[in-house]
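Comments concern the structure below.
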Amino acid sequence: MDSTIFLAIPVLQHTMKALIFSLLLSFLSINLVAQPQAWNIQREVVKIPMRDGVTLEAILYKPAGEGRFPAIVYRTPYGKDEYDGYAMFPLAAAKEGFAVFLVDVRGRFGSEGEFKAYHQERPDGYDLIEWVGKQPYVNGRVGTYGGSYPGIVQWLALSEAPEALKAAAPDMTPINSHYFYYFGGAFSMPWLDWFMPLIVPDLRKRANDPSGPWLDSDAYQQWAKDRDQWYKYRPLADMPLLKKYAPYYYDWLSHPDKSDWWDFASVEKDFEKMQAPAMLLSGWYDAAYGPLGAIQAFQEMKTKAATSVARENTKLILGPWNHTSVTVRKSHFGEVDFGPSAGFDFDRVLIDWFTLHLKEEEAPRLNPVSVFVMGANEWKTFGDWPVPDIETTTLYLDAGADNKSGKLLVQPSKKAKNLAYTFDPNNPVLDKSFEKSYPYDQREIESREDVLVFTSEVLTKDIEVIGLVEAALAVSSSAKDTDFHVVLCDVYPDGTSINLSGLDAGYLRMRYREGLEKQVLMKPEKVYPISIDNMATANLFKAGHRIRLYITSSSFPHYDPNPNTGTNIATEANLIPAVNKVHVGGKNASKLILPTVKK
């Protein structure tokens, strides 16, 4: 027998033993650590008691097995089961080691009690978050997320300062409830679009009321057929649709002035109580209260929040989006494709946010301010808001040769003129994107007789705008009260005129020109200086483009058209035309003030 064979046998035996030992170790490792426990998750329905004995129903996703996990809460009036049917974030977060609660707010779907929009959300938010934080499978640290109504309830909970709340992520929400209902002093008509297809159906079902649809989808189809007649119903206070299921809607109509009455859904006075940082997100085409709310909240949190953690870690994200969910694939809105950078993996950013603040583990960190600049179609980051290196660029309105089509000039005209149009509230300017605002060519609107258009010369260099845009106008009217609406547009070389915010931004009801707290009627034909500065955007006006501002007196159905009578708007049935004027040149020089980036 070959001696090499004898020599090979013990070597082979030793090798086999080593291989078996290695495989055994691998097997033990697999059993011990190979699969994170969070890959297996469990789902259950839980009941959560409130202080008055009412219970809220929630879906809970959490990692299977033993352990204490940070918790994330989502509260909605739209049905947790419907949200659970399509949302990916709850499962993704549970798989990364979070306990996620999807909760029906009081009086909705699986939860007990009576629903009265926003009124119950402060105490319920506190009770819910504290209950969640004390569960044996929760580590005592709770976060919240959600947009619109699910965002506002976070602010209301933050104002109650529950000990367990360590981070929030309210997106696309206001902080001032008055401008949520009366933007620029004008009543927001889309509340009908909210109640009729989204809120009333479940209330009918709970009451076993067969008078209308019980499902949101059926209700929306019915509402799409009927809504035009209800938008035009006058007086507003006599509109019968919500008398049974939302009588508080009529209380909103009877309180048009900003006052303490609106504090039920406002947190403007509460930032000094807030202890947890917030990640704030909105879009340039979000409902007008969205970007304004995010910007104002960021500034308030940075200066007034109760803790250094909240002051130093609050973040602001402003993208090109409308009032919708944000995903990495959403980059095309209306008639504009903002390119692949516009997409945003919000679910991933949320998980990183909660990893930092609930797990207290390292994760990618956001810059204090992240802004998507349209036109350039790129993200820019900053350390604060207003962003640094901003200067004001002023363009002066002037009349064109026909005294209608106007110009934007770098120097004011010395000659005083006025441009007039007749505003008929029976024929208001219609925004075809009213359901979810988006950018589109405005030339059809600009061609109307009740719209004044002011356009710059062709730009010879790029101009970058980031911030709040102001139209400082001198105006008069034949009426005691009327409205003025301004829209900023980027005019492309081919003439396409693209709005740079939703058409619900840039609005003022003249009786509120001295402040939203009181009504002061106009004297017919008297010239008044006004400032319309409730419009935010970020855009690179490229060389070869032009800057345009148009002015009109309605934006329907965003707002109820002003009846021009100077009477109580909620109870007024008559709508009459008014001749409105914008004064340019001379001592009444109207102007457009742009926050531009220094070059």
Side-chain angles (χ1 to χ4, degrees), residues 172 174 179 183-184 280-296 298-299 316-323 331 333-336 338-339 341-342 344 369-382 385-387 389-395 408 431 433 436-442 454-456 459 462-472 485-492 496-508 531-542 545-551 555 558 591-597:
M172 302 188 179
Y179 72 56
F183 192 82
L280 312 169
L281 177 143
S282 187
W284 304 127
Y285 298 96
D286 188 9
Y289 59 74
L292 295 182
I295 290 166
Q296 292 167 358
F298 177 79
Q299 294 172 311
L316 175 63
I317 304 168
L318 297 167
W321 316 299
N322 58 12
H323 199 71
S331 60
F333 295 89
E335 297 176 5
V336 178
F338 292 106
S341 296
F344 192 76
V369 177
S370 302
V371 171
F372 188 86
V373 180
M374 301 180 292
N377 291 347
E378 64 181 13
W379 287 96
K380 292 191 173 183
T381 57
F382 304 96
W385 184 281
V387 304
D389 298 323
I390 288 290
E391 59 186 2
T392 57
T393 296
T394 301
L395 298 174
L408 293 175
D431 174 18
S433 75
K436 284 194 177 179
S437 293
Y438 53 76
Y440 66 97
D441 192 345
Q442 297 292 295
F454 300 88
T455 309
S456 74
L459 301 178
D462 293 352
I463 296 178
E464 187 175 14
V465 172
I466 303 177
L468 297 179
V469 174
E470 179 184 3
H485 178 219
V486 299
V487 178
L488 179 67
C489 296
D490 186 343
V491 182
Y492 292 35
T496 301
S497 179
I498 296 295
N499 53 303
L500 298 178
S501 60
L503 297 193
D504 56 339
Y507 209 89
L508 177 65
S531 174
I532 304 177
D533 61 357
N534 48 15
M535 177 169 54
T537 196
N539 186 71
L540 180 70
F541 292 92
K542 294 181 178 179
H545 288 223
R546 290 176 291 164
I547 299 171
R548 175 169 290 167
L549 181 77
Y550 74 74
I551 302 173
S555 185
H558 293 294
K591 53 193 175 184
L592 170 65
I593 303 171
L594 300 173
T596 53
V597 179

Can you spot which of Ile463, Ile466, Asp389 makes a side-chain contact (heavy atoms from CB on, under 4.5 Å) with Thr596? Ile463

Any heavy-atom pair between the side chains of [Y] and [X] that's under 4.5 Å?
X	Y	result
Thr392	Pro595	no
Phe454	Val486	no
Leu316	Ser370	no
Ser437	His558	yes
Pro174	Gln296	no

Verdict with supporting geometry, Ile593 and Lys591, side-chain contact (heavy atoms from CB on, under 4.5 Å): CA-CA 6 Å; Ile593 303 171; Lys591 53 193 175 184; 4.2 Å; yes

Parallel, tilted or perpendicular, judged at 30° and 60°: which one describes the rings of [X] and [Y]?
X	Y	answer
Tyr289	His323	perpendicular
Phe344	Trp321	tilted
Trp379	Phe372	perpendicular
His485	Tyr550	perpendicular

Closest heavy-atom pair and its distance - Asp533, Leu468: O-CB, 4.3 Å

In short, Tyr507 meets Ile532 closest at the heavy-atom pair N-CG2, 3.6 Å

Report yes or no: do Tyr440 and Asp431 form a side-chain donor-acceptor pair below 3.5 Å? yes

Would Arg546 and Ser456 count as having a side-chain donor-acceptor pair, cut-off 3.5 Å? no

If you measure from [atom1] on [X] to [atom2] on [Y], what distance do you get to the nearest 0.5 Å?
X	Y	atom1	atom2	value
Asp504	Asp286	CG	CG	8.5 Å
Ser497	Arg548	OG	CZ	4.5 Å
Ile547	Cys489	CD1	SG	11.5 Å
Asn534	Leu508	CG	CG	7.5 Å
Leu500	Leu549	CG	CG	11.0 Å
Gln442	Ile498	CD	CD1	7.5 Å

Any donor-acceptor N/O pair, [X] side chain to [Y] backbone, under 3.5 Å:
X	Y	result
Tyr285	Asn499	yes
Glu335	Asp441	yes
Ser555	Leu503	yes
Asn322	Tyr438	no
Ser282	Ala294	no
Trp284	Pro291	no

How about NZ on Lys542, more than 12 heavy atoms from neighbouring residues, nucleotides or ligands closer than 6.0 Å, or not? no

Kindly determine whether Leu540 and Val597 satisfy side-chain contact (heavy atoms from CB on, under 4.5 Å), including the steps that lead there. CA-CA 10 Å; Leu540 180 70; Val597 179; over 6 Å; no

